[in-house]
Amino acid sequence: MGNTFEFTLLIAAGSFLAGLLGSLTGLGGGVVIVPLLTLAFGVDIRYAIGASLVSVIATSSGAAAAYLKEGFSNIRVGMFLEVATTIGALSGAFLTTRIPTAAIAIIFGVVLLYSAWMSAKPEAEVPLEEKPDRLASFLKMDGSYPTPDGVRAYHVRGVPAGFGLMYVAGLLSGLLGIGSGAIKVLAMDRAMRIPFKVSATTSNFMIGVTAAASAGIYLHRGYLDPGLAMPVMLGVLLGALVGARILPTAKVRTLRLVFGVAIAAVAIEMIFKGIRGHL
Amino acid sequence: MKATKTYGLSEERFESLIGTLLRTGVILAAAVVLAGGALYLAKYWRVKPDYRMFRGEPADLRSVSGIFQDTVGWHARGVIQFGLLLLIATPIARVAFCVAAFASERDWLYVTTTLIVLAILIYSVSSA
């Protein structure tokens with residue numbers, strides 16, 4: 001590795017690509033940053049997680065500003081589930097300081113495999129729930145969203161299951177420095193029967209808040225290195241902005257598949273290196 | 001806010017305010033990080049970076065007050081860290097904004113829920 005100038009430029013370029021691919025495939029930049037920094041640049045996984053978390057906050061907040069206008073996200077559902085994700089994020093951040101880095105690498109690989117599989121397989125349309133649910137009604141979670149055929153109302157159900165899954169999503173986010181978008185969408189789509197457009201934008205709203213909860217702990221633990229986080233944050237943010245610009249005209253299906261396979265390969269390498277204790 | 005009327009603030013007005021808040025926060029944070037990054041590269045560009053070994057950051061880069069002091073003194077790493085702190089503060093400001101919005105709707109259930117989230121976030125950032 002050369003001097004700090006070259007290192008910074010290389011990290012910024014890699015992070016730009018991660019942000020671009022992350023936004024085009026919907027996986028987010030975070031899942032790529034940690035493997036990129038650890039496998040390609042030999043960075044300690046704890047520094048990598050800190051830098052990744054920061055980039056997750058930047059892209060989530062940047063994208064949320066754009067999504068808000070369209071009236072998709074359900075702020076009540078998001079805020080209620082934030083209680084679970086932020087508590088999970090704190091638990092995850094505390095856990096990072098206590099378990100060996102090899103174990104973190106293995107868990108990261110497994111979560112990465114799952115995310116790759118989720119993004120590569122075709123989206124199944126989940127049928128909307130017909131009847132209102134007592135708990136969801138009490139929590140005023142039912143909502144509506146704009147579709148090409150006019151405004152469509154939906155009922156929310158499965159609040160306890162969704163809440164539990166969100167705790168896990170927060171835990172993994174705090175432990176691994178990722179947005180855990182795949183698990184958040186699973187909790188809202190499958191468990192709570194929230195329409196995909198609504199769950200995707202609500203998940204994005206939650207990701208920044210969840211990441212902020214663990215980022216505070218990482219800062220105090222000294223896991224947030226400014227020299228490393230600087231090119232990562234700026235690179236990912238720029239990549240995500242360019243990605244959002246070209247997304248409407250891009251052919252994402254093939255890209256998703258290729259990216260999914262690449263991510264799976266990276267995941268397996270992380271698991272192997274974790275098992276052999278090389279990370 | 002979804003479906004319900006806010007007292008004083010319309011749904012669209014509220015969402016455009018949040019949008020402005022988020023955009024401003026991210027742009028401001030990125031600008032500070034960029035400025036700090038320029039200072040950092042000007043000073044350290046020749047140094048060989050080493051992130052293989054985990055050492056942890058020095059105490060001044062770990063606490064909010066330390067970061068403020070470093071920023072005032074134009075220490076490159078401190079300025080970047082201040083930008084990162086602004087970034088972490090952006091979603092927190094959004095949650096605080098939601099408390100006010102739910103309060104103006106007199107939705108006490110969600111005022112409480114949002115306050116819990118805000119308390120967890122403040123605990124995370126202020127616990128040293």
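Below, chain A is the first sequence line, B the second, and so on; all start at residue 1.
Comparing A/Y47, A/Y218, A/F138, A/F5 by how many heavy-atom pairs each has under 4.5 Å with chain B, the most go to A/Y47. Ranking A/D225, A/I57, A/T86, A/I217 against chain B, the residue ahead of the rest is A/D225, based on heavy-atom pairs under 4.5 Å. Note: B/L87 leads B/T114, B/L121, B/L87 in heavy-atom pairs under 4.5 Å with chain A. With respect to chain B, the highest number of heavy-atom pairs below 4.5 Å among A/L53, A/L90, A/L224 belongs to A/L224. The choice from A/A212, A/A89, A/G222 that makes the most heavy-atom pairs within less than 4.5 Å of chain B is A/G222. Of the listed residues B/D107, B/L85, B/L84, B/I116, the one with more heavy-atom pairs under 4.5 angstrom with chain A than any other is B/D107. For the set A/L237, A/L139, A/T85, the count of heavy-atom pairs under 4.5 angstrom toward chain B peaks at A/L139.
Heavy-atom distances place both the backbone and the side chain of B/L34 under 4.5 Å from chain A. Using a 4.5 Å cut-off between heavy atoms, B/Y110 touches chain A through its side chain atoms alone. Interface residue B/L109: only side-chain heavy atoms are found under 4.5 Å from chain A. The part of A/M141 that comes within reach of chain B is its side chain, from C-beta onward, which places non-hydrogen atoms under 4.5 angstrom from that chain. For B/I88, the parts lying under 4.5 angstrom from a heavy atom of chain A are both the backbone and the side chain. Both the backbone and the side chain of B/R77 come within less than 4.5 Å of a heavy atom of chain A. Of the atoms belonging to A/M233, it is side-chain heavy atoms, and not backbone ones, that fall under 4.5 Å from chain B.
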Salt bridge (Lys or Arg N to Asp or Glu O under 4.0 Å) evaluation trace for A/E82 with B/R94: CA-CA 13 Å; A/E82 271 307 332; B/R94 178 190 196 171; over 6 Å; no
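Applying the salt bridge (Lys or Arg N to Asp or Glu O under 4.0 Å) test to residues at least two apart or on different chains, the pairs with a partner in residues 34-54 of chain A are A/D44-A/R46.
A/V209 pairs in a side-chain contact (heavy atoms from CB on, under 4.5 Å) with only one of the listed residues (B/I92, B/V117, B/I120), which is B/V117.
Among residues two or more places apart in sequence or in another chain, the side-chain contact (heavy atoms from CB on, under 4.5 Å) test is passed with A/A51 by A/L37, A/L228, A/A229, A/V232.
A distance-only check finds no donor-acceptor pair linking the side chain of B/D60 to the backbone of B/G66 [under 3.5 Å]. A/S91 places no side-chain N or O within donor-acceptor distance of the main-chain N or O of A/L171, the cut-off being under 3.5 Å. In terms of modelled atom types and a separation under 3.5 Å, the side chain of A/K184 and the main chain of A/G179 share a donor-acceptor contact.
Around NZ of A/K140, the count of heavy atoms belonging to other residues, nucleotides or ligands within 6.0 Å exceeds 12.
Taking the six-membered ring for Trp and thresholds of 30 and 60 degrees, B/Y51 and A/F7 have nearly parallel ring planes, at less than 30 degrees apart.
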